Amino acid sequence: MDNYMSFRFKAIAANESLARSVVAAFCVPSNPTLDIINDIKTSISEAVTNCIVHGYGKNTGDIMIEAEIKDDLFSVRVIDYGKGILNIDEALNDFYTTNEEDERSGLGFTIMKTFMDSLEVESVWGAGTTVTMTKNLNA
Amino acid sequence: MDNYMSFRFKAIAANESLARSVVAAFCVPSNPTLDIINDIKTSISEAVTNCIVHGYGKNTGDIMIEAEIKDDLFSVRVIDYGKGILNIDEALNDFYTTNEEDERSGLGFTIMKTFMDSLEVESVWGAGTTVTMTKNLNA
Amino acid sequence: MVVKTKIKNNNLCIYLEGELDHSVATKLRADIDDYLDRINVRNVVFDMEKLSFMDSTGIGLIMGRYKKLKARNIPIYITKPNTQIDKVLRVSGIYKIIPQI
Amino acid sequence: MVVKTKIKNNNLCIYLEGELDHSVATKLRADIDDYLDRINVRNVVFDMEKLSFMDSTGIGLIMGRYKKLKARNIPIYITKPNTQIDKVLRVSGIYKIIPQI
Ligand SMILES: Nc1ncnc2c1ncn2[C@@H]1O[C@H](COP(=O)(O)OP(=O)(O)O)[C@@H](O)[C@H]1O
Ligand SMILES: Nc1ncnc2c1ncn2[C@@H]1O[C@H](COP(=O)(O)OP(=O)(O)O)[C@@H](O)[C@H]1O
């Protein structure tokens with residue numbers, strides 16, 4: 001069943017689990033395996049946490065999740081309107097983090113890359129970041 | 001914890017349970033009783049079903065749910081951009097339905113009124129309907 | 001939405017399972033009517049023990065079966081609704097014509 | 001997020017329960033460090049049997065405790081991660097320094 005949704009919410013840590021639940025509930029009718037649902041939940045958690053921790057930091061703002069299912073292909077964009085990323089290639093490196101003092105692992109993008117079928121990062125410095133991911137729900 | 005979200009999705013019957021789950025997941029961190037959560041889920045189900053059945057009918061379109069929690073007061077707006085309601089007073093009557101052939105009971109608004117603390121209906125004929133409801137999450 | 005049935009002593013029990021909303025109503029109604037048309041019983045009971053959610057769509061569906069069966073002089077009953085469903089049933093006033101047993 | 005602890009034969013077991021993400025990390029880290037600072041043990045085990053979800057925030061948290069305890073010569077271990085968490089742990093390469101038992 002083809003479907004779409006967009007979900008916009010306050011960028012606070014308490015909404016990380018809400019975002020995971022909403023995206024999982026959106027995918028469930030397509031009958032993916034639990035492993036696939038978990039890969040998606042984990043990746044959404046990474047992307048949303050990045051918006052809160054890096055995109056907004058001490059500031060507040062909104063996070064937008066736009067998702068679509070088309071012929072079993074799930075695609076999702078996680079968008080913030082925060083700080084942005086200066087050097088995306090560097091940010092994508094395993095263990096690279098700008099937030100060592102908070103014990104970030106630098107593995108968020110690594111997990112998104114590994115758990116999803118595709119990952120794309122676009123960012124405008126000072127204006128925000130869009131992370132686009134796709135995954136086949138019945139691979 | 002004050003919070004807000006907006007959730008926009010395709011007006012198809014399969015999304016009725018998604019809408020219920022999303023709104024419930026949004027309210028849960030405020031620690032309402034299960035009865036309160038169920039009152040909200042039921043009312044959201046009524047409002048969303050109305051958008052699909054009456055607002056769009058054989059057409060397609062989007063449904064928007066805007067929700068907010070402020071000092072334990074939950075308020076939500078369920079919006080469609082469909083047919084609209086000509087006579088709102090009439091529509092609010094118990095057992096009034098324009099869709100008897102589909103075995104609608106005419107009790108959707110009655111349930112929303114009874115289950116929530118407040119209900120307000122605004123509509124522009126030909127342009128859509130907005131149902132606004134509030135409920136104290138820790139009454 | 002799953003529906004199972006059992007006949008015992010000429011009483012039909014219809015077991016509703018899952019969530020009863022508008023998204024499942026058309027198929028559910030067809031399934032139940034198809035079955036009711038083919039059998040003759042003395043009473044019909046809707047068993048809701050495994051029904052986790054129901055909104056006013058369910059009221060319309062039960063009322064519709066009530067009318068069909070009333071024409072055949074078969075009374076219907078409701079049993080084991082959970083708190084959420086019982087509240088919907090009470091608000092509808094349906095218990096006046098379809099008792100809970 | 002709940003955390004319980006038990007000491008047996010000079011081994012400390014830290015039982016993680018619920019979902020470990022960024023929203024609970026600061027308090028969880030403070031709770032664990034507060035406890036670790038006050039005791040002396042031979043090994044530390046993170047028991048994840050009741051942890052239902054963990055993302056890379058958990059990797060950062062475990063690595064942080066690993067570094068603190070390494071300075072005191074106390075090795076740490078992980079036990080009973082579920083499939084989702086095991087996958088996160090494997091991708092991180094953490095098992096090379098913090099074995100699963
Ligand atoms: N939404 C974002 N806004 C701004 N910077 C970001 C965003 N997402 C990621 N980054 C940058 O990319 C780096 C790497 O991200 P990631 O691999 O998720 O690791 P971590 O979150 O552990 O730092 C971050 O440390 C940060 O500098
Ligand atoms: N979103 C909507 N768009 C257009 N008409 C609506 C909408 N919601 C309700 N109505 C009108 O109000 C009537 C009463 O609604 P309700 O009390 O929910 O009962 P029911 O859905 O069973 O008909 C409907 O039959 C319909 O004519």
Side-chain angles (χ1 to χ4, degrees), chain A residues 9-21 23-24 32-58 63 78 91-92 94-116 119, chain D residues 1-3 14 16-34 36-37 46 48 50-71 76 78 80-98:
Chain A
F9 56 97
K10 194 176 178 181
I12 50 175
N15 282 337
E16 288 159 11
S17 75
L18 176 64
R20 293 195 294 271
S21 308
V23 173
T33 62
L34 187 59
D35 282 350
I36 290 179
I37 284 284
N38 279 334
D39 287 351
I40 291 172
K41 281 176 83 166
T42 312
S43 302
I44 292 295
S45 198
E46 299 296 347
V48 167
T49 302
N50 278 352
C51 300
I52 296 169
V53 173
H54 306 300
Y56 293 114
K58 302 242 169 303
I63 297 171
V78 179
L92 287 169
D94 297 352
F95 303 110
Y96 176 86
T97 181
T98 51
N99 211 337
E100 208 132 3
E101 66 279 22
D102 266 346
E103 298 192 339
R104 304 299 310 159
S105 64
L107 290 171
F109 281 136
T110 307
I111 284 176
M112 294 182 242
K113 243 182 301 180
T114 314
F115 285 31
M116 300 293 279
L119 166 74
Chain D
M1 166 104 228
V2 182
V3 51
I14 299 177
L16 302 170
E17 264 185 68
E19 303 198 321
L20 201 181
D21 65 12
H22 158 254
S23 72
V24 299
T26 309
K27 177 162 188 321
L28 181 60
R29 177 172 55 178
D31 287 353
I32 293 177
D33 281 354
D34 182 51
L36 290 177
D37 289 346
F46 283 94
M48 302 189 168
K50 296 199 170 159
L51 193 63
S52 55
F53 177 86
M54 187 185 91
D55 63 17
S56 74
T57 301
I59 303 295
L61 185 127
I62 297 168
M63 277 304 299
R65 307 300 68 62
Y66 169 79
K67 285 178 194 161
K68 278 191 74 141
L69 290 165
K70 195 176 154 68
I76 84 174
I78 288 168
K80 300 181 194 143
N82 71 21
T83 318
Q84 182 266 327
I85 297 171
D86 183 56
K87 192 166 175 184
V88 170
L89 291 164
R90 272 188 287 121
V91 167
S92 75
I94 209 172
Y95 285 141
K96 273 172 262 160
I97 50 173
I98 305 173

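None of the values given here were measured: they were computed from a predicted structure.
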- Is it true that atom CD of A:Glu101 has more than 12 heavy atoms of other residues, nucleotides or ligands lying nearer than 6.0 Å? yes

- Please flag which part of A:Asp35 lies under 4.5 Å from any non-hydrogen atom of chain D: side chain, backbone, both or neither. side chain

- Note on the structure: For D:Leu61 and D:Arg65 the tightest heavy-atom approach is O-NH1, 2.9 Å

- Contacting region of A:Ile52 [heavy-atom separation from chain D under 4.5 Å]: side chain

- A:Ser45, part contacting chain D, at a heavy-atom distance under 4.5 Å: both

- Contact check, side chains of D:Leu20 and D:Ile85, non-hydrogen atoms, under 4.5 Å: no

- Query: Contact part of A:Val53 toward chain D, heavy-atom cut-off under 4.5 Å: side chain, backbone, both or neither?
  - Reply: side chain

- Task: Side chain from CB out, backbone as N, CA, C, O: work out which of these in A:Thr42 comes under 4.5 Å of a heavy atom of chain D, or both, or neither.
- Result: both

- Contact winner vs chain A - D:Lys67, D:Arg29, D:Met63, heavy-atom pairs under 4.5 Å: D:Arg29

- Is any side-chain heavy atom of A:Lys113 closer than 4.5 Å to a side-chain heavy atom of A:Asp94? yes

- Message: Any non-hydrogen side-chain atom of D:Leu89 less than 4.5 Å from a side-chain atom of D:Met54?
- Response: yes

- Honestly, the part of D:Thr83 sitting under 4.5 Å from a heavy atom of chain A is side chain

- Query: Is it the backbone or the side chain of A:Asn15 that comes under 4.5 Å from a heavy atom of chain D, or both, or neither?
  - Reply: neither

- Engaged part of D:Val88 at the chain A interface, taking heavy atoms whose separation is under 4.5 Å: both

- Message: Determine whether a donor-acceptor pair (N or O, by modelled atom type, separation under 3.5 Å) exists between the side chain of A:Glu46 and the backbone of A:Met112.
- Response: no

